[in-house]
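To keep things clear, I will list the structure first and then write my remarks on it.
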2 protein chains.
Amino acid sequence: MPVSKKEISPCPLDAALSIVDGRWKGTILWRLSQQPMRTSELRRSIPGITERMLIRHLQDLVRDGIIERIEELATPTRVRYQLTAYGLTLAPHLEALCAWGRIHLERTKPVNQK
Amino acid sequence: MPVSKKEISPCPLDAALSIVDGRWKGTILWRLSQQPMRTSELRRSIPGITERMLIRHLQDLVRDGIIERIEELATPTRVRYQLTAYGLTLAPHLEALCAWGRIHLERTKPVNQK
DNA sequence: CCGGATCCCTTCTGATACTG
DNA sequence: CAGTATCAGAAGGGATCCGG
């Protein structure tokens with residue numbers, strides 16, 4: 001039987017990484033860690049993402065307990081997504097990685113284009 | 001043109017995550033952050049990994065400057081992999097994520113099996 | 001506005017055999 | 001032991017149309 005998908009590894013690092021595994025999850029969490037946002041706001045703030053992937057990733061994160069879906073009663077359905085208390089325990093680590101990533105981008109981009 | 005692969009996102013978090021993107025990279029870095037290891041040692045210490053993926057991921061990490069390949073002169077080729085100085089700047093963050101992952105595993109496993 | 005359902009192509013991975 | 005080459009299957013992701 002193949003190791004289908006992101007099966008739980010004995011390595012806790014993989015367990016953590018599996019949470020943010022997905023083309024846009026990093027960006028989504030980045031946004032949501034700054035402030036709660038509505039679905040359409042998220043979509044607009046992430047150029048290039050398709051509706052399909054946005055929803056899919058949001059559902060994954062909800063399932064994993066990192067974010068929660070708040071349905072505001074209104075004429076056209078309005079939904080807000082925000083970090084859960086649990087998600088807030090993860091956020092600082094992502095923020096640290098984010099800071100490292102900034103340095104990494106500096107380090108790799110100097111090959112300057114244009 | 002599709003957003004092929006892990007194209008650099010404006011989001012630095014994604015930039016960092018792209019480094020550890022790959023089925024076994026988390027585990028590999030986990031091992032190597034504990035101690036330098038030879039290729040065959042790594043393979044043996046990671047059940048389920050294929051030679052192909054091990055080499056592939058190692059090469060990715062070398063290319064990204066996270067680990068380095070040290071060739072020890074010997075009869076049968078002996079190679080050792082270890083974190084670079086740059087890789088050491090990333091390690092602490094991965095370790096933090098790892099700690100979080102441990103908690104996460106505790107949180108999700110209680111569904112107990114067996 | 002929010003989300004589901006298809007179709008399809010690309011990439012990732014696993015299995016295996018082979019070279020130095 | 002370290003690494004390459006090829007093949008095939010599985011998963012991820014994009015485009016698009018449909019419905020509440």
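Every chain is numbered from 1, with letters handed out A, B, ... down the list of sequences. Computed from a predicted structure; not experimentally measured.
Taking the side-chain contact (heavy atoms from CB on, under 4.5 Å) definition, one finds that B:Q34 meets it with B:W30, sequence neighbours left out.
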Solution key, residues 91-103 of chain B side-chain donor-acceptor pairs under 3.5 Å, sequence neighbours excluded:
unit_1	atom_1	unit_2	atom_2	d
B:W100	NE1	A:T89	OG1	3.0

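Note: the hydrophobic cluster containing B:V79 also contains B:L58 (ILVMFWY, side chain heavy atoms under 4.5 Å, direct or indirect links).
A:T84 contributes no side-chain N or O that, together with a main-chain N or O of A:E68, makes up a donor-acceptor pair within less than 3.5 Å. Remark: side-chain polar atoms of B:R31 are paired, donor with acceptor, to backbone N or O of B:S45 under 3.5 angstrom.
In terms of polar N and O atoms assigned as donor or acceptor, the side chain of B:R52 comes within less than 3.5 Å of the base of C:dG14 in a complementary pairing.
Counting to the nearest Å, the P atom of D:dT4 and the CG atom of B:L58 are 11 Å from each other. What separates CD1 of A:I55 from P of D:dC18 is a distance of 19 Å, to the nearest Å. Here the P atom of nucleotide D:dG14 and the CG atom of A:L54 are 11 Å apart, to the nearest Å. Separating the CG atom of A:D21 from the P atom of C:dC12 is a distance of 12 Å, rounded to the nearest angstrom. Distance CD1 (A:I28) to C1' (C:dC2): 15 Å, rounded to an integer number of Å. If you measure from atom CZ of B:R56 to atom C1' of D:dT4, you get 12 Å, rounded to the nearest angstrom. The interatomic distance linking A:M53 (CE) with C:dC2 (C1') rounds to 17 Å, in whole Å. Remark: P of C:dC2 and CZ of A:R78 are 8 Å apart, rounded to the nearest angstrom.
Taking side-chain N and O atoms only, A:H57 has a distance below 4.0 Å to OP1 or OP2 of D:dG13. Between C:dC12 and A:R23, no contact under 4.0 Å exists linking OP1 or OP2 to a side-chain N or O. Here A:Y81 reaches the OP1 or OP2 of C:dG3: one of its side-chain N or O atoms lies under 4.0 Å away.
When each of A:T77 and B:E51 is assigned the nucleotide of DNA chain D with its nearest heavy atom, B:E51 is the one assigned upstream, toward the 5' end.
Geometrically, A:R107 engages B:Y86 in a cation-pi contact, judged by NZ or CZ lying under 6.0 Å from the ring centre and within 45° of the ring axis.
At the heavy-atom level, A:Q59 lies under 4.0 Å from the strands shown only through sugar-phosphate atoms. A:R80 comes within contact range of no nucleotide atom at all, as no heavy-atom separation falls under 4.0 Å.
In this structure, of C:dT13, C:dA15, C:dG3, it is C:dG3 that holds the atom nearest to the side chain of A:V79.
Within residues 33-43 of chain B, the residues that place at least one heavy atom under 4.0 Å from DNA chain D are, in residue-number order, B:R38, B:T39, B:S40.
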